[in-house]
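Every chain is numbered from 1, with letters handed out A, B, ... down the list of sequences. Everything quoted here is computed from the prediction, not taken from an experiment. Every heavy atom of this structure was used, including side-chain atoms; hydrogens, water molecules and symmetry mates were not.
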2 protein chains.
Amino acid sequence: MGRPSGGNRKEEILEAGLEVFAKKGYYNTTTAHIAEKAGISQPYVFRFYKTKEELFIAALDRAFDRILDTFKNVDASGEQLVEKMIDAYDKLSELHPNEIALQVIGISVTESAIRNATQKGLSNIRSYTLERFRDAGIENVEREVTTFLARGILCNISYFVDLPELIDTKNK
Amino acid sequence: MGRPSGGNRKEEILEAGLEVFAKKGYYNTTTAHIAEKAGISQPYVFRFYKTKEELFIAALDRAFDRILDTFKNVDASGEQLVEKMIDAYDKLSELHPNEIALQVIGISVTESAIRNATQKGLSNIRSYTLERFRDAGIENVEREVTTFLARGILCNISYFVDLPELIDTKNK
DNA sequence: CTTTAGTTATTGATGAATCAATAACTAAAG
DNA sequence: CTTTAGTTATTGATTCATCAATAACTAAAG
């Protein structure tokens with residue numbers, strides 16, 4: 001046919017991929033599923049992303065980038081920092097649940113390029129958090145950062161596997 | 001051909017499955033890989049486990065059962081409980097790393113029977129931990145249990161994605 | 001304006017590979 | 001011979017990825 005597009009096809013595909021990957025996981029998502037969600041044909045996906053893997057990594061990068069940006073936009077110091085960061089993450093999770101799911105999925109994908117992206121993403125988040133906690137003068141930084149990240153990831157998992165009992169109730 | 005076995009084939013297959021699944025993940029593991037590891041032919045696997053999924057669930061159940069057993073064998077009260085439980089888990093992780101990996105893998109497998117097994121496994125661990133913490137008279141139980149589980153899972157992830165920097169160094 | 005040449009957007013068809021699962025068979029033990 | 005333990009051969013389904021064809025648009029030429 002012709003050119004019904006108009007918008008940014010590449011972006012549309014990324015968005016579609018994000019949705020489908022988040023729901024079905026990496027391996028159970030076919031390029032046909034993504035194409036369908038994006039309203040295009042399956043082979044056309046490959047005009048924009050050389051491989052399914054490349055598309056997944058693009059989506060995963062977006063997820064990690066947004067977390068980092070969210071933390072960077074937290075403007076608080078000292079005592080309030082941790083609380084504000086948790087609030088920011090909670091808001092992000094509500095606004096972009098698919099990106100949260102993608103993080104969880106990335107962890108157990110064994111393809112090496114994806115593994116690398118996951119390592120880099122997690123590593124960056126830890127580094128940045130450590131820096132902020134340190135600057136805020138928090139005691140016992142390393143341990144506090146680990147606990148902070150651990151609780152965050154457990155939240156993601158609790159959401160992804162649909163097991164809300166996994167986290168304590170009065171945690172907003 | 002004949003009957004080279006002698007031992008418990010079903011158990012051997014489970015063990016082989018545990019190893020291969022832990023290393024390659026659920027979807028990248030083929031029944032041929034498992035068969036090879038177990039030293040038998042690919043179709044023979046199906047004599048003992050109706051489906052690949054059934055075999056994975058058997059392996060996953062074993063992993064969760066062992067964690068629960070490990071915690072049940074922790075004999076400590078009050079102040080020492082948490083410390084002892086962490087020690088026990090550390091030991092378990094060293095002794096059965098494949099089972100730790102399997103836990104992580106189970107989380108992002110979307111097949112519903114596997115999802116159910118994962119939910120049940122995590123849920124049981126939380127319930128039991130909660131009970132123990134409560135009996136030990138720990139303050140703010142819910143929150144402490146969440147943190148305990150969160151840190152444990154982050155350890156698993158850190159091991160599985162090979163990113164040791166993810167956890168604080170002087171932990172163990 | 002209106003051809004015409006060229007480009008961009010998109011699809012249908014399909015190849016090659018992989019895999020779980022089944023069926024049919026064989027050989028040893030008792 | 002018949003049960004047990006195991007194999008080889010095979011299949012049907014799926015899926016990523018390629019490619020040739022085509023529809024729709026743009027811009028230059030007359």
A:Gln42 CD - C:dA13 C1' separation (whole Å): 11 Å
Rounded interatomic separation in angstrom, taking CZ from B:Phe56 and P from C:dA21: 15 Å
Whom does D:dG30 pair with, Watson-Crick or G-U wobble, provided both distances fall under 3.5 Å? C:dC1
Just how far, in rounded Å, is C1' of C:dT11 from CD of A:Glu36? 15 Å
Distance in angstrom units between B:Ile13 CD1 and C:dA21 P, rounded: 14 Å
So which of B:Lys23, B:Lys24, B:Glu19, B:Gln42 actually passes side-chain contact (heavy atoms from CB on, under 4.5 Å) with B:His33? B:Lys24
To the nearest angstrom, the CD-C1' distance between A:Glu111 and D:dT15 comes to 14 Å
B:Phe48 side chain reached by B:Leu55 side chain, heavy atoms, under 4.5 Å: no
Atom-to-atom span, CZ of B:Phe48 to P of D:dA5 - whole angstrom: 7 Å
For atom CG of B:Leu55 and atom P of C:dA20, their distance in whole Å: 11 Å
A:Lys120 to A:Phe64, cation-pi by 6.0 Å centre distance and 45° axis angle: no
Using the side chain to side chain donor-acceptor pair (under 3.5 Å) rule, take A:Glu111 and B:Asn28 through it: C-alpha gap first, then chi angles, then the decisive distance, then the call. CA-CA 9 Å; A:Glu111 268 70 18; B:Asn28 280 326; 3.1 Å; yes
Side-chain contact check for B:Thr30: nearest option of C:dA13, D:dT15, C:dA20 is C:dA20
Any strand is fair game: report the nucleotide pairing with C:dA16 by Watson-Crick or G-U wobble, both distances under 3.5 Å, or none. D:dT15
C:dA23 - base-pair partner by Watson-Crick or wobble geometry, distances under 3.5 Å: D:dT8
Winner on side-chain proximity to A:Arg47, out of D:dT7, C:dT22, C:dT10, is C:dT10
Could you say whether B:Ile40 or A:Phe46 is positioned toward the 5' end of DNA chain D, judged by the nucleotide with the nearest heavy atom to each? B:Ile40
If you check every side-chain atom of A:Lys52, which of D:dT18, C:dA20, D:dA17 has the closest atom? D:dA17
5' priority, DNA chain D, between A:Thr31 and A:Tyr44 [closest heavy atom]: A:Thr31
Please determine, by modelled atom types, if A:Arg151 and B:Thr146 share a side-chain donor-acceptor pair under 3.5 angstrom. no
Under 4.0 angstrom, heavy atoms only, what part of the nucleic acid is B:Ser41 near: base, sugar-phosphate, or nothing? base
Specify the separation, in whole Å, of atom CD of A:Glu53 and atom C1' of D:dT15. 15 Å
